[in-house]
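The structure under discussion appears below in the form of structure tokens.
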Amino acid sequence: MSIPDRTTPWSTRGSAVLIGLGLAMSPVALSAHSVVEVVENTEYVADSLEPLIERPDIQQQLVEQALQPLTEAFTSEAVISFLVESAGVPDALPEGLQDSAEGLIQPLIDQLTNQVENTAADIVASEAFATSWRTAVGNSHRSFQDAVINGGEIDIALPLQPFLELVRDDIADSGFAGLERLPIPEVSLPLFTVEPPETWQRGYSIAAAADPWLALLAVGFTGLGLWFARRRDLAWIAVGVVTPLVTLLPVFVARVFIHNHGPSLATDAAVALMGRPLEVAALVSVVVVLVSATGWFVESRRRVTIA
């Protein structure tokens, strides 16, 4: 005995449209959630970027980019004055003799510069730097967060003061006694600048407002489409096959796009931040595939029973 088919062409087309809308909203919902996570969750950003410092290529990049501000910091007027004082040159000497004394300690300044280069490379590779790295990443992200949420120029810089303090203390222990008293200036390493900032700030505002609702709409539209589907077994198959494509594929495309910008600290950081969206997309895909397989099995058995 067969059951009369009460579906209409309108309901069939409506079902397809609803499922299509739900599937199309899935990557949009994932993108909005990822944007909010990157802007608002400092802990997530720190967790994502912390492992980078263990990679030798990242360590080398950091030392190369930080070498100039490091050298400037350790050959500043304050350091030169400290070295003159350490050499026993009295402050009461005439200015001309003071300048001559500074010239006489130039070999000491060169030695200090070389020590800075060697010590910087050693410290970046040390375990003690991991904590300072995480602190610097957190401070950098908070400045980024403030610029995106409250407005202003989005210039992302990595504070190097904790790094410089480690270098200073290590150099002080290696023969420049008293250098640990030297105050460290606030030096930052520019990572990247976001242009135009107004567009990114507006995009974050939209993503933050839509984040919880887009996921609900994606589930709601897909569920309604399945309810009105004439062949629910086929509809379940379509949802199970298409969902992984529309959620995982955009993440992989974004990672490839970022990689094409060439190797840099900013590029590696951006790739690392794509880890959470990839995890969420994979989790959503697995859940949807399992639910779809169950739905297809139930509907298939039901059609066989009715027939």
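Everything numeric in this text was worked out from a predicted model, so none of it was measured. Reckoned from all heavy atoms, side chains included, excluding hydrogens, waters and symmetry mates.
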**Interatomic distance, Glu43 atom CD to Glu50 atom CD [nearest 0.5 angstrom]** = 9.0 Å
**Which atom of Pro212 lies closest to which atom of Ala208, heavy atoms considered** = CD-O, 4.1 Å
**Prompt:** Measuring from Asp211:CG to Ser34:OG, what's the distance to the nearest 0.5 Å?
**Reply:** 9.0 Å
**Message:** Under 4.5 Å between side-chain heavy atoms, counting indirect links through other Ile/Leu/Val/Met/Phe/Trp/Tyr residues: same cluster for Leu283 and Leu278 or not?
**Reply:** yes
**Same apolar cluster (I L V M F W Y, side chains within < 4.5 Å links), Val289/Leu248** = no
**Prompt:** Does the side chain of Asp122 come within less than 4.5 Å of Asp170's, by heavy atoms?
**Reply:** no
**Prompt:** Among the clusters formed by ILVMFWY side chains lying less than 4.5 Å apart, do Phe221 and Trp213 turn up in the same one?
**Reply:** no
**Request:** Measure the OH-CG distance between Tyr44 and Leu49 for me, rounded to the nearest 0.5 Å.
**Result:** 8.5 Å
**Asked** Do the non-hydrogen side-chain atoms of Arg55 and Asp268 ever get within less than 4.5 Å of each other?
**Response** yes
**Prompt:** What are the two closest heavy atoms between Ser285 and Pro244, and how far apart are they?
**Reply:** OG-CA, 3.3 Å
**Request:** Of all the heavy-atom pairs spanning Ala235 and Leu226, show the shortest one and how long it is.
**Result:** CB-CD2, 3.6 Å
**Student check: side-chain heavy atoms of Thr243 and Thr222 closer than 4.5 Å** = no
**Message:** Hydrophobic clusters here meaning ILVMFWY residues chained together by side-chain heavy-atom distances under 4.5 Å, can you tell me if Tyr204 and Trp200 are in one?
**Reply:** yes
**Asked** How would you list, by chain and number, every residue that makes a salt bridge (charged side-chain N to carboxylate O under 4.0 Å, His left out) with Glu279, sequence neighbours excluded?
**Response** none
**Least distance between heavy atoms, Ala46 atom then Val137 atom** = CA-CG1, 4.0 Å
**Message:** Working to the nearest 0.5 angstrom, can you tell me the gap between Leu52 CG and Gln59 CD?
**Reply:** 11.0 Å
**Prompt:** Taking the side chain as C-beta and beyond, is there a heavy-atom pair between Thr42 and Arg142 under 4.5 Å?
**Reply:** yes
**Asked** When clusters are formed by joining ILVMFWY residues with side-chain heavy atoms under 4.5 Å apart, either directly or through shared neighbours, do Leu216 and Met25 land in the same one?
**Response** no
**Asked** Does NZ or CZ of Arg231 come closer than 6.0 Å to the centre of the six-membered ring of Trp236, within 45° of the ring's axis?
**Response** no
**Request:** Please tell me if the side chains of Val271 and Arg255 come closer than 4.5 Å, counting only heavy atoms from C-beta onward.
**Result:** yes
**Prompt:** Atom CG of Asp233 and atom CZ of Phe297: how far apart are they, to the nearest 0.5 Å?
**Reply:** 12.5 Å
**Message:** Using every non-hydrogen atom in the two residues, find where Ser48 and Pro51 come nearest and quote the distance to one decimal.
**Reply:** O-CD, 3.4 Å
**Request:** Indicate yes or no for a side-chain donor-acceptor contact from Ser140 to the backbone of Ala136 under 3.5 Å, with no hydrogens or angles considered.
**Result:** no
**Asked** How about Trp133: does its CH2 atom have over 12 heavy atoms from other parts shown lying under 6.0 Å from it?
**Response** yes
**Message:** Give me the atom names and distance for the closest heavy-atom approach of Leu214 to Ala29.
**Reply:** CB-CB, 3.7 Å
**Residue of the set His141, Arg276, Gln145 for which side chain to side chain contact (heavy atoms under 4.5 Å, CB included) holds with Val45** = His141
**Message:** Could you check whether Thr247 and Ser26, counting side-chain N and O atoms only, form a donor-acceptor pair closer than 3.5 Å?
**Reply:** no
**Item:** Sidechain-backbone polar pair: Gln201 side chain, Ile149 backbone, donor-acceptor under 3.5 Å
**Value:** no
